[in-house]
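Before any comments, here is the structure.
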2 protein chains.
Amino acid sequence: MPHESPPQPARRTRRKEARPAEMIEAARDLFIERGFAATKLEDVARRAGVSVGLPYVYFENKAGLFKAVVRESVLPNIRLGEELLDSYPGPTDDLLRLIVNRFWQMNREPSAGLPKLVVAEATNFPDIARFYMEEVVMRGRRFFARIIQRGIDRGEFRPVDVMQMARVMAAPLSMLTIWTHSLAPHELDPGATAEGFLDAYLDLVLHGLRAAPKDTPDV
Amino acid sequence: MPHESPPQPARRTRRKEARPAEMIEAARDLFIERGFAATKLEDVARRAGVSVGLPYVYFENKAGLFKAVVRESVLPNIRLGEELLDSYPGPTDDLLRLIVNRFWQMNREPSAGLPKLVVAEATNFPDIARFYMEEVVMRGRRFFARIIQRGIDRGEFRPVDVMQMARVMAAPLSMLTIWTHSLAPHELDPGATAEGFLDAYLDLVLHGLRAAPKDTPDV
DNA sequence: CTATAGAATGAATGTTCATTCAATAAACAC
DNA sequence: GTGTTTATTGAATGAACATTCATTCTATAG
């Protein structure tokens, strides 16, 4: 008989640094798909390519892993749009279009399932809910508030209650993200695409905020 | 010693007709609060005032109870707004304001937590997801589409992609409902009320759909 | 008042996991 | 090579929980 197992990555490799991230990623995907309670740690371990016992070396327990998932998945995606907002010189219309485009790209990443997960588990994990409120929700509101304020300051948008309008503007995008990871796979209307939704969203928002209704261009 | 237990409802009463509804209600509240997997049937039974075994007399198992919860909780609240839409004679602006008011009232009922529950469990219960898509989502979209079409037909709203805009218009309301049963209890901004949200929502939508931008009133 | 049907109970069962930890084997020092 | 450290394993443990069903009790008929 010739040699054995050349392509297999050799079980029991020691990679102390890479393990936590790999387990967090595996846990994130399964928690998002099935929810916290319905996810077995054994499945997480299998997907991460480790044994059942290893998560307990790096995390206190299942809840600790969950908290790590939320904390680690939240931070990366936050600064992207904020930089854009600060540097963009053109009209706020176009800025918003650009931001929606970036959002649409981000929405395809696996971590985009987090909002659904957090919403589903908020009651069972109050400290995670608080963390998410501070780090994501409040930050997101301020982000949209700044965009609206920018439009008002430049005379492009009419004056509105900026903080409330920020919440309303964020809502359809949050809903789209949650939707993508829940009911979207069971969509019955072939025309109900994310692109169509975002087009209509921009249409409504830009018309709804526009300052000087002097002309009425089509679409 | 005088008599015993006059106010107690006497354990082991036989009420074949009332039991299912009572267990469904108890299950609904707990499923919404904790999620399906994290809810113990023993807790459901206790809250419904029955023994652990009784749910299995009326439902096949825990999943069967879950499905009954969704099916029973969905139907009641649907026709309310549709009747209003058919009978209302005035401007579509006012009709929408009225509908949002009714929605706001419905949002306080316990069954308003269903969207969050369905979204959270959609992946684990595909047939429930399909049912909900048909009975609630599609119906809701058609409802909003009819409102928009009504406004366009009456010359009050500008022409838009009606089906897409219906989805966008429904999104903030769905989001508010989900929000109420997830992160709202951890709100950090005292000004972030549901009323303020709905005011801004109406403000945005009515300006965003308005047909003839001849004047620019405040508010 | 007694008998019968069937609604309701709750102790018992079996399974499904989260969690533990003694054993194993990479990696590295010498 | 040999010894030491420690990352990793996976069988074993025990608790939690869904589900069952023989028994108990209520309501109603006769």
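Residue numbering restarts at 1 for every chain, and letters A, B, ... go by the order of the sequence lines.
Contact of the L206(B) side chain with the R97(B) side chain is registered, since non-hydrogen atoms from C-beta on lie closer than 4.5 Å.
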Expected rows: protein N/O vs nucleotides 26-30 of chain C N/O, under 3.5 Å:
unit_1, atom_1, unit_2, atom_2, d
dA26(C), N3, R14(A), NH1, 2.9

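If you check residues 58-71 of chain B against DNA chain C, the residues with a heavy atom closer than 4.0 Å are Y58(B), listed by number.
The backbone N or O of E33(A) lies less than 3.5 Å from a partner atom in the side chain of T123(B), making a donor-acceptor pair. Here the side chain of K67(B) pairs no donor or acceptor atom with the backbone of F125(B) at under 3.5 angstrom. At least one donor-acceptor pair under 3.5 Å links the side chain of Q164(B) to the backbone N or O of G191(A). A donor-acceptor pair under 3.5 Å is absent between the side-chain atoms of E22(B) and the main chain of G49(B), judged by distance alone. Remark: the backbone N or O of R146(B) is not paired with any side-chain donor or acceptor of R150(B) at under 3.5 angstrom. With hydrogens and angles ignored, the 3.5 Å screen pairs no side-chain donor or acceptor of R130(B) with any backbone N or O of L188(A). Formation of a donor-acceptor pair under 3.5 Å by the R47(A) side chain with backbone atoms of D43(A) is not found in this model.
In this structure, the nucleotide among dT8(D), dG10(C), dA7(C) sitting nearest to the side chain of K16(B) is dA7(C). Here dT9(C) is the nucleotide among dT19(D), dT9(C), dT20(C) with the atom lying nearest to any side-chain atom of L54(B).
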